[in-house]
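Read the structure below first, then the notes.
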Amino acid sequence: MDDSVAIGVVRPAHPEAQDHYLQGRVVEAASGEPLTGAVVVVGDRSAGTVSYENGRFGLTVPDDVLVLEVSLVGYRSWISDSVRVAEGD
């Protein structure tokens, strides 16, 4: 088994804010089925959440380059060090 995650960034409500709302969906790589209960955390552990029954998640993250980690019992953890959230995104 393997896991994968799709990530999208939504612009913050206040343009002067330094944080951004990151949302995405955790799915099983082979089947594309949503994964419920996956733990999604920013690499420095400053923010985290759990995916809902449809695999979707959302969390507030800083304006920076992020390491994002997704884990779920029975699956290999997925780690990305290339999630970039910048002002204006």
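This chain uses plain numbering: 1 for the first residue, then up along the sequence.
Hydrophobic cluster membership is shared by Tyr75 and Val70, with clusters built from Ile, Leu, Val, Met, Phe, Trp and Tyr side chains linked at under 4.5 angstrom. Criterion: ILVMFWY side-chain heavy atoms under 4.5 Å apart, direct or through other members. Under it, Trp78 and Leu35 are part of a common hydrophobic cluster.
Side-chain contact between Leu22 and Val40: absent, with no pair of heavy atoms (C-beta onward) separated by less than 4.5 Å. Side chains of Pro34 and Arg25 form a contact here, defined as non-hydrogen atoms less than 4.5 Å apart.
No donor-acceptor distance shorter than 3.5 angstrom exists from the side chain of Thr49 to the backbone of Phe57, with no hydrogens or angles considered. Panel note: side chain Ser51, backbone Gly37; a donor-acceptor pair is recorded below 3.5 Å.
A search for side chain to side chain contact (heavy atoms under 4.5 Å, CB included) contacts involving Thr60 returns Asp19, Tyr21, not counting sequence neighbours. Under the side chain to side chain contact (heavy atoms under 4.5 Å, CB included) criterion, Val42 pairs with Asp44, Ser46, Ala47, Leu59, Val61, Leu66, not counting sequence neighbours.
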